[in-house]
Amino acid sequence: MSRNAGFFALCSVSAILALGISCPAGFGAAMPELRTPKAPAAPRINGPVVYGARPAHPFLYRIPCTGIRPMHFSAAGLPPSLTLDRNTGIISGSTPEAPGNYPVTLKAVNSRGRVTRSFMIVVGNRLGLTPQMGWNGWYTLYERPADADIRKAADAMIASGMSEYGYQFVDIDDGWARKPGSSDEALGDPIRNSDGTIRPNVRFPNMSSLTAYIHSLGLKAGIYSGPGPLTCAGLEASYEHEDTDARQYSSWGFDLLKYDWCGYSKVVKDKSLPELQKPYIKMSSLLEKQDRDIVLNMCQYGMGDVWKWGRQAGGMSWRTTDDLGVAKGSSLPGFYTVGLANAALDAYAGPGGWNDPDYILIGTVGDANHSDLAAQPTPLKPEEQYSYMSMWALMASPLFFSGDMTKLDDFTVNILCNSEVIDIDQDKMGRQGKVIRKNQQELVLAKPLADGSVAVGLFNLSEGPLTISIDWKDVARSGKLAVRDVWRQHDIGSFADGFKSQVAAHDVVLVRLIKPGISLASPGK
Ligand code: GLA
């Protein structure tokens with residue numbers, strides 16, 4: 001079956017005016033096919049079905065839900081220490097003190113219908129039971145983030161609808177601290193206050209007010225530092241100030257710390273495993289002592305096979321490779337190089353600890369090799385963007401968009417916000433897809449899902465169309481299985497023994513193989 005038909009729809013000015021669509025700047029007069037169907041007007045609750053939180057800490061969760069507003073939310077079984085804002089769907093309060101599983105039934109009602117979804121709050125020590133989702137400013141703002149940019153990104157996460165699909169972290173990357181030795185008043189001395197607490201540069205006048213703003217939207221705030229004396233951009237980092245900094249990030253109200261090795265190369269004794277692990281064990285144990293949940297995103301580019309010990313070192317995710325923004329491919333774009341390296345590490349990912357192949361660089365995004373230049377529309381072809389997002393979801397990767405949130409176009413939102421693609425990434429079993437086949441021409445990845453179905457990506461790595469197949473025996477299944485086209489969210493049909501599809505160059509066909517009798521309309525819900 002050809003999945004390549006009707007790829008382009010005209011994106012003329014009249015179409016834009018009549019249909020209210022916007023065209024990504026890079027696509028000229030042709031608007032690539034939006035495979036993701038428009039969200040129904042009736043409510044649909046998206047995102048994870050399990051959520052880890054630590055006892056008696058502040059709790060914040062915005063129920064991701066599409067459908068027309070006004071919407072009214074309720075949550076049966078919500079522990080009494082939590083309250084739900086019925087209009088916004090924001091749950092806040094204090095996580096119960098007693099560890100254990102708290103099953104909740106989330107409900108959303110609007111003028112077009114109602115929906116319920118089971119949601120398990122797992123109170124214990126583990127955070128990140130499903131891969132983190134959000135936005136990180138690095139590939140747009142580089143070393144120049146400012147308070148206003150971060151607020152605008154948070155606003156756009158709501159306005160674009162991304163929060164309705166589970167995107168929740170709004171992360172500042174490098175560039176918020178001060179620069180030792182700088183003569184620039186905005187960046188220079190004093191680097192720390194007399195009590196040792198770290199000082200943001202002038203672009204961040206009030207971190208507490210910034211996180212309070214992000215939290216008021218039901219979103220979470222992330223910050224960046226590193227174990228060395230300096231960050232990659234040469235700004236103050238946490239070396240010999242770890243305790244003070246962990247307390248500071250917590251008191252400012254941050255929910256995630258990306259901790260980037262970089263300047264630690266200057267102080268590390270050698271590259272032995274204990275030396276590689278030491279700074280992360282130190283920071284994670286300090287974060288655990290704080291009175292709020294702070295997710296630790298380890299960033300050290302895969303040294304010492306970090307995937308084998310990142311979880312024990314206290315990380316909820318660990319970058320497995322160098323920066324994707326500077327990765328090169330041969331005939332394929334760089335994300336394949338990173339994705340294929342990460343795909344081999346499926347044995348190490350699972351609830352509470354994820355392989356991190358770096359951010360989703362699509363939309364309007366800066367060039368890491370020329371970070372002084374303004375962000376531009378991604379050079380990736382539409383087919384490549386479908387492949388990128390499919391590969392990340394099949395690998396249970398953290399999903400962080402790092403393009404410009406203020407320049408989101410319909411095509412980019414269609415890539416980022418497909419509820420069934422996100423269900424694959426966020427599946428509660430937390431298995432990373434396995435490589436079933438990989439050669440010069442094709443890649444087949446298969447991810448078993450909690451409801452017994454299997455998500456399969458048929459990726460064409462070649463320069464022309466190919467027919468790519470999957471045998472049920474490759475995924476330990478037999479008999480008749482229903483095949484669902486995940487991007488287009490429709491059922492293709494039932495097949496015995498296997499399935500094959502034509503796949504365009506650099507494109508993907510992402511399917512979900514489902515046992516007969518299980519509802520296809522809303523798998524896994
Ligand atoms: C490293 C990291 C990037 C980014 C920059 C910031 O290169 O890998 O993700 O955080 O540092 O300087």
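FYI, side chains are in, hydrogens and waters are out, and symmetry mates aren't considered; it's all heavy atoms of this structure. Computed from a predicted structure; not experimentally measured. Numbering of ligands and ligand atoms starts at 1, following listing order.
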Fill in: Listed once per pair and sorted, the ring-ring contact (aromatic ring centres under 6.0 Å, His included) pairs that draw on residues 189-226, sequence neighbours left out
none
Worksheet entry | Check: Asn342 and Leu340 side chains under 4.5 Å, non-hydrogen atoms | no
Worksheet entry | Aromatic ring proximity Phe169/Phe254, centre distance under 6.0 Å | no
Fill in: Backbone of Asp358 reached by a side-chain donor or acceptor of Trp392 within 3.5 Å
yes
Item to complete: Would you verify whether the NZ or CZ of Arg311 falls within 45 degrees of the ring axis of Tyr348 while also being under 6.0 Å from that six-membered ring's centre?
Response: no
Practice prompt. Specify the protein heavy atom at minimum distance from atom 4 (C) of ligand 1: its residue, its atom name, and the distance to 0.1 Å.
Written response: Asp173 OD1, 3.3 Å
Worksheet item: Among Asp322, Asp358, Asn297, Asp323, which one has a heavy atom closest to atom 8 (O) of ligand 1?
Response: Asp323
Worksheet item: Under a 4.0 Å heavy-atom limit, does Glu143 contact ligand 1 with its side chain, its backbone, both, or neither?
Response: neither
Discussion item. Taking 4.0 angstrom as the limit and counting only heavy atoms of Asp174, give me the atoms of ligand 1 inside it, by number and element.
Written reply: 6 (C), 12 (O)
Item to complete: Run the contact test for Tyr224 against ligand 1 with a 4.0 Å cut-off on heavy atoms, strictly below, and give the result.
Response: yes
Worksheet, complete the sentence: For Tyr301, the atoms of ligand 1 under 4.0 Å from one of its heavy atoms are 8 (O)
Discussion item. Measuring from non-hydrogen atoms of Asp260 to any atom of ligand 1, is the shortest distance under 4.0 Å?
Written reply: yes
Discussion item. With heavy-atom distances below 4.0 Å as the criterion, list the atoms of ligand 1 near Cys232.
Written reply: 1 (C), 11 (O), 12 (O)
Worksheet entry | Proximal ligand 1 atoms for Cys299, defined as those under 4.0 Å from one of its heavy atoms | 2 (C), 8 (O)
Item to complete: State the atoms of ligand 1, each with its element, that fall below the 4.0 Å cut-off from a heavy-atom position in Lys258.
Response: 3 (C), 4 (C), 9 (O), 10 (O)
Worksheet entry | Ser387 side-chain N/O to Glu383 backbone N/O, donor-acceptor pair under 3.5 Å | yes
Discussion item. Enumerate the disulfide bond (SG atoms under 2.5 Å apart) contacts for residues 158-230, please, sequence neighbours excluded, ordered by first and then second residue.
Written reply: none
